[in-house]
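Heads up, the thing below is written out as structure tokens.
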Amino acid sequence: MKGAFEILLFSASTFAQTLPTLPKPETQSVSFNSSFKFNDEQIKLGQLWPDLAENLETVLNYDRSQLANGGPSQDDFYRIDHVAPNAPGQVLKVKHATDPGAWNIPATTALSRFIYTSTTANGTLIPVSAYVLWPWTAKQFGKKSNGKAPVVLWSHGTSGFYADGSPSAHRSLFYGNIMPFTLAQAGYVVIAADYAGLGVQTSWDGSHVRAQYQNRVSQAFDSLNALRAAREIFPDKITKDYVNVGHSQGGAAAWGVSEVLAENSHNKFDDLERDYLGSIIFAPGIDSLIAAPEVFASWIGKDLHLMYPDFNLSDWLSPLGIDRTELLTQIQGGQYVSELLFLANATEVLNPAWNESWYASAYTQFSNPGNRRYKAPMILFQGTEDQGGRPYKNALSTFDSTCKDHYSGAFEFVSLPGVAHFPSMDSTRQQWLQWIEDRFNNKPVGSRACSKSTINSFLPVDNYQKFTTSFPQWAGAANQFFELVAGGF
Ligand SMILES: *[C@@H]1O[C@H](CO)[C@@H](O)[C@H](O)[C@H]1NC(C)=O
Ligand SMILES: *[C@@H]1O[C@H](CO)[C@@H](O)[C@H](O)[C@H]1NC(C)=O
Ligand SMILES: *[C@@H]1O[C@H](CO)[C@@H](O)[C@H](O)[C@H]1NC(C)=O
Ligand SMILES: *[C@@H]1O[C@H](CO)[C@@H](O)[C@H](O)[C@H]1NC(C)=O
Ligand SMILES: *[C@@H]1O[C@H](CO)[C@@H](O)[C@H](O)[C@H]1NC(C)=O
């Protein structure tokens, strides 16, 4: 008896010794590093009225609260030394293990970041940042995997137009569960360029790095060069084979990757072309400038002189539009901030003759994917309820004309009735994870032709959550993540 009692006492006291000391819970907050208020000059520059200023501050402060370590303007990682790179795809800086405490990545995933060289659409060498999200165990596809993690090259949609818009600095990598977290937890390693101008803002020679917004060629270069640099950094950790995936602006970029590889002029990407397994395109951006010039003219126009030195922002915007673009640049505003800013005076921000200058039509050859050769196989998922149906029509007609005049191998168009812009990925997770798996298993695609299919919802469409309401939220320090018991079991 005595012995049994002792054992009980012993284990109880052992337990007592291991009980965690719980931190005192503190109110969760979205105000980390974000108490921005416009100064008088900025109010005057933007011709802001009190309500508008307050709304802008609300969104801007929220956006800033989502930046790990204060984001690219404050995080030293995004600064580079004076170096003299001479080719695209060179590695400039590597953070093998980023301390993930300020990020919201899932437990048992790991984050690396690196800076490398890419080129603008016109070939100028520039620095770009990228992230790598690692799985806990790497999915294996037979002997050929050889312990390495299978690569998904990911091109993100519009996350911003300035350094602070970089997904690598966003606590949830901007797309959270929708894409990178899901891929890493399924055993893939995600390699994702921020795109030039997002993340690194100052080049090795001190010049400002500009964003070529919605330029499928420059974004394709950024993705491909990120892959090339990642191979150099992690040669024994990642497979050479890769599947190429993108959504929205990044859907056009990923389509652009397949087009750049198909064209591969001057054998620029020979090293990457042979290991390409296929592309998955979600809701690609097509003809966005024409659909909503009130916002896109500023996003694209602010850096368009990089391509067309004679372009002047006044070709597209009114004096008010130019001043608001200047204000947006000062505060590095993201998508919603700029929509508030421009749509508040939607009829007054454009130069009415914006679409009469040749720049708008010239730019579509850089922004619009399709209607040229591509590297097969490809699959395109598009919701019918994406922004009222216009993107669906655009994607379908671009698919049809590409297949008719530039057929280059297997290409499938998948219609998603009742599905909106971001949910094109949520609604089809089973299908695209399977598609990726099949490519790594070297399974032939169902059809060598251009084909169409439809995926319908299980329950009536109206029963479902229609929109993505937010990315996962970062709770804060240990005493603020009490939902999951800080330091817990
Ligand atoms: C806030 O920004 C500072 C840099 O100014 C950084 O050290 C800190 O980690 C940031 N706080 C959070 C909660 O991200
Ligand atoms: C960039 O390329 C475009 C298309 O080839 C060309 O029209 C433009 O002049 C080039 N711009 C510069 C600055 O080289
Ligand atoms: C752009 O246009 C504005 C207004 O017409 C003019 O004041 C400015 O000098 C122009 N800038 C350049 C670089 O041509
Ligand atoms: C912008 O819109 C506001 C609200 O409708 C209006 O009062 C103001 O005059 C407009 N500003 C300009 C420069 O047109
Ligand atoms: C420019 O847009 C206006 C309306 O937004 C339209 O009436 C006009 O036809 C367009 N011009 C050109 C050249 O596309």
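Computation of the quantities below employed the complete heavy-atom set of this structure, encompassing side-chain atoms and omitting hydrogens, waters and symmetry-equivalent molecules. Quantities reported herein were computed from a predicted structural model and do not represent experimental measurements. One-based numbering, in listed order, for ligands and for the atoms of each.
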Exercise answer: donor-acceptor pairs, residues 340-348 side-chain atoms, under 3.5 Å, sequence neighbours excluded:
unit_1, atom_1, unit_2, atom_2, d
Asn345, OD1, Arg324, NH1, 2.8
Asn345, OD1, Arg324, NH2, 3.1
Asn345, ND2, Glu348, OE1, 2.6

For ligand 3, what is the set of protein residues having any non-hydrogen atom at a distance below 4.0 Å? Asn312, Ser314

Does a donor on one side chain sit under 3.5 Å from an acceptor on the other, for Ser168 and Asp194? yes

Can you name the residues that form a side chain to side chain contact (heavy atoms under 4.5 Å, CB included) with Asn463, not counting sequence neighbours? Leu459, Pro460

If we ignore angles and hydrogens, is there a donor and acceptor under 3.5 Å between the side chains of Ser298 and Thr325? yes

So, is Asn355 polar-close to ligand 5, with some N/O to N/O distance under 3.5 Å? yes

Purely on distance, is any nitrogen or oxygen of Gln47 under 3.5 Å from one on ligand 4? no

I need the atoms of ligand 4 closer than 4.0 Å to a non-hydrogen atom of Asn345, numbered in the order shown. 1 (C), 2 (O), 3 (C), 8 (C), 10 (C), 11 (N), 12 (C), 14 (O)

With sequence neighbours left out, write down each residue that passes salt bridge (Lys or Arg N to Asp or Glu O under 4.0 Å) with Asp426, or none if nothing qualifies. none

What are the atoms of ligand 4, with element, lying closer than 4.0 Å to any heavy atom of Ala344? 2 (O)

Indicate the ring-plane relationship of Phe471 and Tyr175, choosing parallel, tilted or perpendicular according to the 30° and 60° boundaries. tilted

Run the salt-bridge test on Glu259 and Arg216 with the 4.0 Å N-O cut-off and return the result as yes or no. yes

Going by an N to O cut-off under 4.0 Å, is there a salt bridge joining Asp75 and Arg113? yes

